[in-house]
Amino acid sequence: MNSSAGNDTLQHARHAPKRLKKIPVVTPWDPRNLVGFRRDPVAFLAKCVARYGDIFKFHILGIPMIMVNHPDHIEHVLVRRAENYTKKDTLIFDLTEFVLGNGLIRNPGGPEYARQRKLMQPTFRPNVVGFFTQNMIDESLHLAEMWRPAAGKDTPVNVTDDVGQIALRIVTRSLFSADVGETAREFELAFADANEVLGSLFRNPFPPLSLPSRRRTVMREATARMKRFVQSFVERRVATNDVRDDLLGMLMRATYEDDGGHMTVEQLYDEVLNLVIAAFETTTSGISWALYLIAKHPEVGQRFVNEIDTKLQGRIPTYRDLNELTYTRQIVDETLRLYTPAYQTMRSASESDDLDGYYVPAGANIYLNSYVTHRHPEFWDNPEKFDPERFSPEGMAARPKHAYFPFGSGPRICIGKYFALAELQLILAIIAQRYRLEIPPGQGEMVADQLITLHPRNGVRLLVRER
Ligand code: HEM
């Protein structure tokens with residue numbers, strides 16, 4: 001790929017230099033395009049890809065966006081030229097300021113961001129994650145107990161609700177060494193309200209959050225409830241100067257490389273809320289979809305159970321077992337391909353750029369949608385098919401790396417990736433040792449709600465059968 005960005009003529013170009021191609025434009029005034037994104041964003045974008053190719057300009061809420069869908073272009077934006085593509089002034093991260101404040105997720109980027117990420121990074125290294133897996137194991141066993149009364153009955157369990165409870169308990173126990181009890185439910189409901197409002201706002205901005213409306217009230221209340229939830233834990237800890245070996249303790253003790261200082265309490269509030277939000281809904285949705293897909297594909301389910309039985313011999317899995325559970329990991333990877341929870345993100349170009357011969361002007365918004373890229377027909381045969389074999393070593397070697405990016409990539413790759421992967425594998429393995437889950441007869445296809453995350457509509461419902 002030819003990238004000559006950074007040279008003087010490009011940085012200051014107000015019009016595309018002649019040698020660079022113009023990005024095709026999806027006509028904004030065509031009524032089908034006006035409502036297409038609002039009705040069903042991923043279907044609309046897939047149609048645009050089919051018509052215009054892997055790079056095109058379209059509009060969200062009247063704001064021009066450049067969608068990049070080719071793995072090389074994704075790598076260019078997220079990795080190779082990451083310093084030029086920041087989160088500053090991007091619609092999705094502006095909309096979430098209300099909730100995420102100044103935490104890592106919506107930090108615009110630049111030196112301040114790098115300083116903060118460096119401070120937090122050691123807390124999420126794989127060896128440190130191993131330290132928290134006992135919480136994942138305990139909570140998975142708790143989930144298995146919750147489902148015991150439903151085993152053999154004809155009433156399905158709401159997998160998403162139940163997994164949501166334990167996913168929240170896993171992250172809060174890891175953060176605060178605390179059992180969150182009843183307050184967890186309060187947080188879940190508040191998050192669901194916020195996810196709904198933000199998701200709808202993204203498609204239809206009226207009325208905006210700046211004007212008094214029911215939407216604004218719901219959002220304000222939901223945010224306040226979520227903030228109260230984390231503040232109650234952080235305040236207690238800061239006030240008592242209680243030293244613990246949990247994530248919060250590690251973050252409180254972590255020091256900045258340049259001046260040896262600690263995070264302010266305000267920053268700590270924001271980071272902790274960012275972590276709870278990032279960890280809770282994404283893993284809940286990932287596990288729900290995985291259990292649904294396994295139930296829907298009994299041949300995959302059988303191979304999965306064989307692996308769990310042979311490799312674990314009935315033992316409760318530990319963190320050390322995870323590398324051996326290769327097929328389980330392939331199921332996780334394939335689930336995150338089809339139902340990638342954090343399915344869209346944005347960047348803006350600080351300076352104009354040559355993106356594989358296309359001209360990107362300074363200030364342009366870049367839009368990435370992993371749901372669409374994960375179905376790119378050039379890299380995925382029969383893309384709608386659930387096939388964990390795609391993630392065998394041979395399958396992976398045959399594809400460019402950035403045809404798949406459920407955790408993002410480059411310097412802003414998900415900090416909780418190893419935490420999430422351990423959690424997904426452990427929960428799936430512990431459930432599979434005890435139960436077979438079935439789709440209730442007559443239940444229709446699951447629908448993915450395109451909120452800020454990709455959420456299974458009304459939750460995945462499955463019948464529980466003892467093995
Ligand atoms: C299946 C589960 C998860 C998925 C699919 C996921 C996905 C993502 C993606 C795609 C990004 C990058 C967004 C972008 O580039 O704009 C991200 C960032 C982030 N994630 Fe995750 N995530 C998951 C679980 C977690 C967990 C468990 C945690 C924390 C314990 C976490 C914390 C974060 C944070 C703090 C960021 C911002 C990182 C930064 O910009 O430096 N995530 N995640």
Side-chain angles (χ1 to χ4, degrees), residues 74-75 77-79 82 85-88 90-93 96 100-110 112-121 123-126 128-129 132-133 135-136 163 167-168 170-176 246-248 250-251 267 270-290 329 332-348 365-371 373-374 402 404-428 452-455:
I74 291 164
E75 189 172 320
V77 170
L78 295 184
V79 188
Y85 292 97
T86 73
K87 294 190 176 181
K88 190 167 179 277
T90 48
L91 180 64
I92 200 166
F93 295 108
T96 47
L100 298 172
N102 201 25
L104 213 53
I105 301 176
R106 60 166 302 282
N107 186 315
E112 270 304 304
Y113 163 77
R115 182 174 184 256
Q116 187 64 17
R117 173 90 188 208
K118 215 175 219 168
L119 174 102
M120 292 177 64
Q121 187 69 45
T123 316
F124 291 92
R125 290 213 179 102
V128 182
V129 166
F132 296 108
T133 45
N135 295 330
M136 301 174 188
V163 169
L168 190 55
I170 288 171
V171 65
T172 49
R173 279 181 63 174
S174 306
L175 267 163
F176 316 124
D246 50 20
L247 279 173
L248 178 59
M250 292 180 194
L251 292 174
Q267 188 68 29
D270 280 356
E271 297 299 1
V272 168
L273 184 57
N274 273 239
L275 290 172
V276 177
I277 288 177
F280 149 71
E281 165 69 14
T282 50
T283 46
T284 301
S285 149
I287 294 159
S288 302
W289 289 114
R329 172 63 194 269
V332 167
D333 289 342
E334 176 66 344
T335 302
L336 298 181
R337 179 186 73 83
L338 274 177
Y339 296 106
T340 177
Y343 66 105
Q344 56 184 352
T345 189
M346 286 181 190
R347 297 290 190 269
S348 70
N365 289 291
I366 311 290
Y367 177 86
L368 299 96
N369 190 305
S370 49
Y371 185 98
T373 309
H374 290 176
H402 288 86
Y404 182 67
F405 62 113
F407 292 102
S409 191
R412 302 208 66 153
I413 193 168
C414 175
I415 204 170
K417 175 179 171 182
Y418 296 107
F419 191 102
L421 288 172
E423 182 172 340
L424 267 102
Q425 270 184 294
L426 284 169
I427 294 181
L428 294 182
I452 282 292
T453 57
L454 200 69
H455 186 82

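Remember, it's 1-based here, ligands and their atoms both numbered in the order they're listed.
When atom types are taken as modelled, the side chain of Thr90 and the backbone of Ser348 share no donor-acceptor pair closer than 3.5 angstrom. Checking side-chain atoms of Arg337 against main-chain N and O of His374 turns up a donor-acceptor pair under 3.5 Å. A distance-only check finds no donor-acceptor pair linking the side chain of Lys417 to the backbone of Phe124 [under 3.5 Å]. With hydrogens and angles disregarded, a donor-acceptor distance shorter than 3.5 Å links the side chain of Arg412 to the backbone of Leu104. The backbone N or O of Pro341 sits nowhere less than 3.5 Å from a side-chain atom of Thr282 that would complete a donor-acceptor pair. Using modelled atom types, no side-chain atom of Gln344 and backbone atom of Tyr367 make a donor-acceptor pair closer than 3.5 Å. Under a 3.5 Å cut-off, the side chain of Tyr113 and the backbone N or O of Thr86 do not form any donor-acceptor pair.
Under the 4.5 Å side-chain criterion, counting only non-hydrogen atoms from C-beta, Leu424 is in contact with Thr283.
Scanning the protein heavy atoms around atom 6 (C) of ligand 1, the nearest turns out to be Phe407 CD2, 3.7 Å. In this structure, atom 28 (C) of ligand 1 lies nearest to the protein heavy atom Gly416 CA, 3.6 Å. Counting protein heavy atoms only, atom 12 (C) of ligand 1 is closest to Arg412 O, 3.8 Å. Regarding atom 36 (C) of ligand 1, its nearest protein heavy-atom neighbour is Ile105 CG1, 3.9 Å. Scanning the protein heavy atoms around atom 35 (C) of ligand 1, the nearest turns out to be Ile415 CG2, 3.6 Å. Given atom 22 (N) of ligand 1, the protein heavy atom at minimum distance is Cys414 SG, 3.1 Å. Of the protein's non-hydrogen atoms, the one nearest atom 7 (C) of ligand 1 is Pro406 O, 3.4 Å. Of the protein's heavy atoms, Thr282 OG1, 3.4 Å lies nearest to atom 23 (C) of ligand 1.
For ligand 1, the atoms closer than 4.0 angstrom to any heavy atom of Thr345 are 14 (C), 16 (O). Taking a cut-off of under 4.0 Å to the non-hydrogen atoms of Phe93, the atoms of ligand 1 that pass are 16 (O). Atoms of ligand 1 lying under 4.0 Å from at least one heavy atom of Gly408, given by number and element, are 10 (C).
Contact annotation for Leu104 and ligand 1: heavy atoms of both the backbone and the side chain come within less than 4.0 Å of the ligand. Within the 4.0 Å heavy-atom criterion, neither part of Lys417 lies near ligand 1. When non-hydrogen atoms are compared, ligand 1 lies under 4.0 Å from the side chain of Phe419 (C-beta onward) but not from its backbone. Here Tyr85 has no heavy atoms under 4.0 Å from ligand 1, in either its backbone or its side chain. With a heavy-atom cut-off of 4.0 Å, Arg347 touches ligand 1 through its side chain alone.
The option with the heavy atom closest to atom 32 (C) of ligand 1, from among Ala278, Gly286, Ala82, is Ala278. When the options Ser174, Ser370, Ala279 are ranked by their closest heavy atom to atom 26 (C) of ligand 1, first place goes to Ala279. In this structure, of Phe132, Tyr113, Phe280, the residue bringing a heavy atom nearest to atom 41 (O) of ligand 1 is Tyr113.
From Glu334, atom CD reaches atom OH of Tyr339 across 10.5 Å, with rounding to the nearest 0.5 Å.
Between Tyr85 and the choices Ile366, Leu78, Val79, Leu368, the side chain to side chain contact (heavy atoms under 4.5 Å, CB included) rule is met once, by Ile366.
Within 6.0 Å of CZ in Phe132 there are more than 12 heavy atoms belonging to other residues, nucleotides or ligands.
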- Do Leu426 and Thr133 pass the side chain to side chain contact (heavy atoms under 4.5 Å, CB included) test, and can you show the C-alpha distance, the side-chain angles, and the key distance before you say yes or no? CA-CA 8 Å; Leu426 284 169; Thr133 45; 3.8 Å; yes
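Summarising the geometry of Ser174 relative to Ile170, their closest heavy-atom pair is OG-O, 2.7 Å, with the distance given to 0.1 Å.
Ligand 1 is approached by Lys87 to a heavy-atom distance shorter than 4.0 Å. Using 4.0 Å as the threshold, Phe124 has a heavy atom nearer than that to some atom of ligand 1.
Polar contact with ligand 1: absent for Thr283 (N/O pair, distance under 3.5 Å).
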